[in-house]
Amino acid sequence: MTIIKAIRGTRDILPTEVGYWQQVEKTARQIFSQACYQEIRTPIFEQTTLFERGIGTNTDVVGKEMYTFLDKGDRSLTLRPEGTAGVVRALIEHNLYSSGGVQRLWYTGPMFRYERPQAGRQRQFHQIGLELIGTSDPRGDVEAIAIATDLLRNLGLVNLHLAINSVGTGEDRLLYRQALIDYLTPYQQELDPDSQVRLLNNPLRILDSKDPKTQEIAQNAPKIIDYLSQPSREHFERVQQLLTDLGISYQLNHCLVRGLDYYTHTAFEIQSQDLGAQATVCGGGRYDGLVKELGGPETPAVGWAIGLERLIILLQQKSAVSIVQPDFYLVSRGHEAEAKALILAQKLRYLGLTVELDLSGSTFAKQFKRASRQGAIACLVLGDTEAETDTIQLKWLKTQTQETLTIAELLAKIPDLNKQLAANK
RNA sequence: GCGAGCGUAGCCAAGUGGUUAAGGCAGUGGAUUGUGGUUCCACCAUUCGUGGGUUCGAGUCCCAUCGUUCGCCCCA
């Protein structure tokens with residue numbers, strides 16, 4: 001019998017690791033709700049055209065990384081490669097934009113891209129993201145960035161760098177694109193092969209090539225901020241000023257270009273040195289054209305997503321997370337006693353205690369051994385003698401002290417026990 | 001999609017063509033049939049990711065395949 005394994009690029013999150021995920025979700029929920037962001041949950045698959053139109057057909061994500069398939073009704077569906085397109089689709093479909101003002105939304109869940117797996121990059125990966133839709137105010141850009149940095153800081157991550165750039169409006173980019181082509185064309189032969197191809201179809205991407213020679217050439221390339229229109233430049237300057245006012249440090253990176261077509265104006269990434277090649281923990285920016293592109297009214301917006309696998313790699317480097325340990329471990333042996341132990345376990349749980357019931361039926365010695373391995377604070381022992389007299393033995397594992405109580409006495413002194421449990425931790 | 005390294009038990013591993021596949025952690029049983037964390041004893045891979053091949057002989061060499069890691073690419 002061959003065993004079935006999880007498919008390439010997917011991972012099981014085991015009980016030993018799930019605590020990190022819960023910690024991130026808990027922290028995120030708190031930060032989001034304090035900033036009045038509402039959770040939204042959208043389907044994991046959508047019509048393929050949503051992503052083609054939203055992300056752009058000439059991006060790598062849409063061009064070669066999507067899980068696209070026909071369903072039994074011959075509809076072309078795609079497992080979502082990112083979260084923003086689905087959120088914007090839902091916003092338009094349910095007219096959320098018409099309820100006035102801005103929409104503050106967040107989401108989390110699995111995303112799918114067909115890529116070569118490596119550290120911090122799975123085919124099914126998870127993001128937590130935020131969208132602020134309905135304002136073009138630079139304060140919106142900064143609110144979004146500030147929430148991201150707050151979340152990461154509250155999780156205890158400090159060695160992170162925020163890089164920002166502005167990619168302007170579509171018109172700004174057209175102007176810049178030509179200037180860049182004019183600059184790069186004389187160097188065409190010296191560029192790496194990928195960049196030579198991009199010179200024709202996506203010259204902006206040449207800027208963040210890792211090829212040393214290309215980087216050298218890109219160093220002196222014209223900068224996009226010099227090609228921004230007056231309003232675009234003012235917007236970006238305001239964003240920088242507000243970041244400074246908030247005490248959020250950042251670096252301007254003229255080569256920061258995002259890979260999805262919908263980005264406009266502010267683009268940013270938060271990176272870590274401790275992740276290897278996949279250094280970006282959080283990426284995002286403004287996307288003023290997307291709502292309209294997907295059939296809604298002209299609506300400005302800004303958002304970001306955090307890659308949870310990468311975030312959790314950083315958390316694991318930093319500290320261990322503990323698994324749930326029982327307050328009481330219920331040791332029982334004998335037909336009658338085992339039945340009573342089950343009932344007692346339930347009663348104690350109703351009173352708010354964490355109780356693990358030993359189901360092995362093995363010797364007391366073995367059950368005690370398991371109790372200490374599970375990290376239990378105390379054992380409650382029910383054997384034939386106790387079953388007959390309606391009593392239990394309460395044993396504190398740390399101090400090895402033991403007392404006999406009736407079950408009624410035990411239940412009556414729960415408040416007391418809570419204090420003792422804390423003292424014996 | 002391209003390039004490189006790796007794949008021995010649940011985990012960490014030794015093993016460099018001669019065969020009974022070290023060791024440690026974890027686990028199971030017992031010493032101790034009503035009391036754990038220490039100690040002691042025993043057990044725990046007919047087989048080295050999988051499939052072929054070379055060889056008298058393969059965990060070890062070759063090929064393929066799958067997985068994994070790193071880089072490119074891409075992105076979070």
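Chain letters run A, B, ... following the sequence lines, proteins first and then strands; every chain starts at 1. Here the structure is a predicted model, which is why all the values come from computation and not from measurement.
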Same-atom distance ([atom1]) from [N] to [M], integer angstrom:
{"N": "B:A76", "M": "B:U50", "atom1": "C1'", "result": "34 Å"}
{"N": "B:C63", "M": "B:C75", "atom1": "P", "result": "36 Å"}
{"N": "B:G67", "M": "B:G57", "atom1": "C1'", "result": "29 Å"}
{"N": "B:C44", "M": "B:U8", "atom1": "C1'", "result": "16 Å"}
{"N": "B:C6", "M": "B:C62", "atom1": "P", "result": "10 Å"}
{"N": "B:C11", "M": "B:G53", "atom1": "C1'", "result": "33 Å"}
{"N": "B:U47", "M": "B:U60", "atom1": "P", "result": "15 Å"}
{"N": "B:G51", "M": "B:A13", "atom1": "P", "result": "25 Å"}

In whole angstrom, give the distance that lies between atom [atom1] of [X] and atom [atom2] of [N].
{"X": "A:Q278", "N": "B:C73", "atom1": "CD", "atom2": "C1'", "value": "9 Å"}
{"X": "A:M66", "N": "B:C75", "atom1": "CE", "atom2": "P", "value": "14 Å"}
{"X": "A:L162", "N": "B:A76", "atom1": "CG", "atom2": "P", "value": "15 Å"}
{"X": "A:R121", "N": "B:G1", "atom1": "CZ", "atom2": "P", "value": "12 Å"}
{"X": "A:L14", "N": "B:C11", "atom1": "CG", "atom2": "P", "value": "11 Å"}
{"X": "A:E82", "N": "B:A76", "atom1": "CD", "atom2": "C1'", "value": "11 Å"}
{"X": "A:K64", "N": "B:C75", "atom1": "NZ", "atom2": "C1'", "value": "12 Å"}
{"X": "A:L256", "N": "B:A76", "atom1": "CG", "atom2": "P", "value": "10 Å"}

If you look at every heavy atom in [X] and [Y], which pair is closest and at what distance?
{"X": "A:C282", "Y": "A:A148", "result": "SG-CB, 4.1 Å"}
{"X": "A:L105", "Y": "A:I40", "result": "CB-CG2, 4.0 Å"}
{"X": "A:P43", "Y": "A:R80", "result": "O-NH1, 3.6 Å"}

Once the angle between the rings of A:Y67 and A:F112 is folded into 0 to 90°, is it parallel (under 30°), tilted (30 to 60°) or perpendicular (over 60°)? perpendicular
Would you please classify the geometry between the A:F328 ring and the A:W396 ring as parallel, tilted or perpendicular, with 30° and 60° separating the classes?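 A:W396 and A:F328: tilted rings.
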Is it true that, when you exclude A:R41 itself, more than 12 heavy atoms of the residues, nucleotides or ligands shown sit nearer than 6.0 Å to its CZ? no
Looking only at the side chains, is there a donor atom on one of [X] and [Y] sitting less than 3.5 Å from an acceptor on the other?
{"X": "A:Y287", "Y": "A:E293", "result": "no"}
{"X": "A:T27", "Y": "A:N154", "result": "no"}
{"X": "A:T169", "Y": "A:T264", "result": "no"}
{"X": "A:S209", "Y": "A:D192", "result": "yes"}

Under 3.5 Å on both distances, the Watson-Crick or G-U partner of [N]:
{"N": "B:U54", "value": "none"}
{"N": "B:C75", "value": "none"}
{"N": "B:C70", "value": "B:G3"}
{"N": "B:G59", "value": "none"}
{"N": "B:A26", "value": "none"}

Close N/O contacts between protein and nucleotides 40-44 of chain B (under 3.5 Å):
none

Applying a 4.0 Å non-hydrogen cut-off, can you work out what A:A305 is touching in the nucleic acid: base, sugar-phosphate, or nothing?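 Sugar-phosphate only.
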Sugar-phosphate only, base, or nothing, as touched by A:G120 at under 4.0 Å among non-hydrogen atoms: base
A:D60, nearest nucleotide to its side chain (from B:C73, B:G1, B:A76): B:C73
Find every protein N or O atom lying less than 3.5 Å from an N or O atom of nucleotides 67-69 of chain B, and list the pairs.
| unit_1 | atom_1 | unit_2 | atom_2 | d |
| --- | --- | --- | --- | --- |
| B:U68 | OP2 | A:R8 | NH1 | 2.7 |

Less than 3.5 Å between a donor and an acceptor, one on the side chain of A:R205 and one on the base of B:C73, is that the case here?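 No, no donor-acceptor pair under 3.5 Å.
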Lys/Arg N to Asp/Glu carboxylate O, A:E336 vs A:K340, below 4.0 Å: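 Salt bridge between A:E336 and A:K340, a charged N being under 4.0 Å from a carboxylate O: no.
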side-chain contact (heavy atoms from CB on, under 4.5 Å) involving A:E386 - partner list, sequence neighbours excluded: A:L382, A:T391, A:Q393
Would you please name every residue forming a side-chain contact (heavy atoms from CB on, under 4.5 Å) with A:L14, sequence neighbours left out?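 With sequence neighbours excluded, A:L14 shows a side-chain contact (heavy atoms from CB on, under 4.5 Å) to A:D12, A:T16, given in chain and number order.
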Residues 119-170 of chain A vs ring pair (Phe, Tyr, Trp, His ring centres under 6.0 Å), sequence neighbours excluded, gives A:W21-A:H126
Taking protein heavy atoms under 4.0 Å as touching, what does nucleotides 28-36 of chain B look like 5' to 3' if B marks base contact, S marks sugar-phosphate-only contact and - marks none? SSS---BBB
First encountered from the 5' end of RNA chain B, between A:D211 and A:L308: A:D211
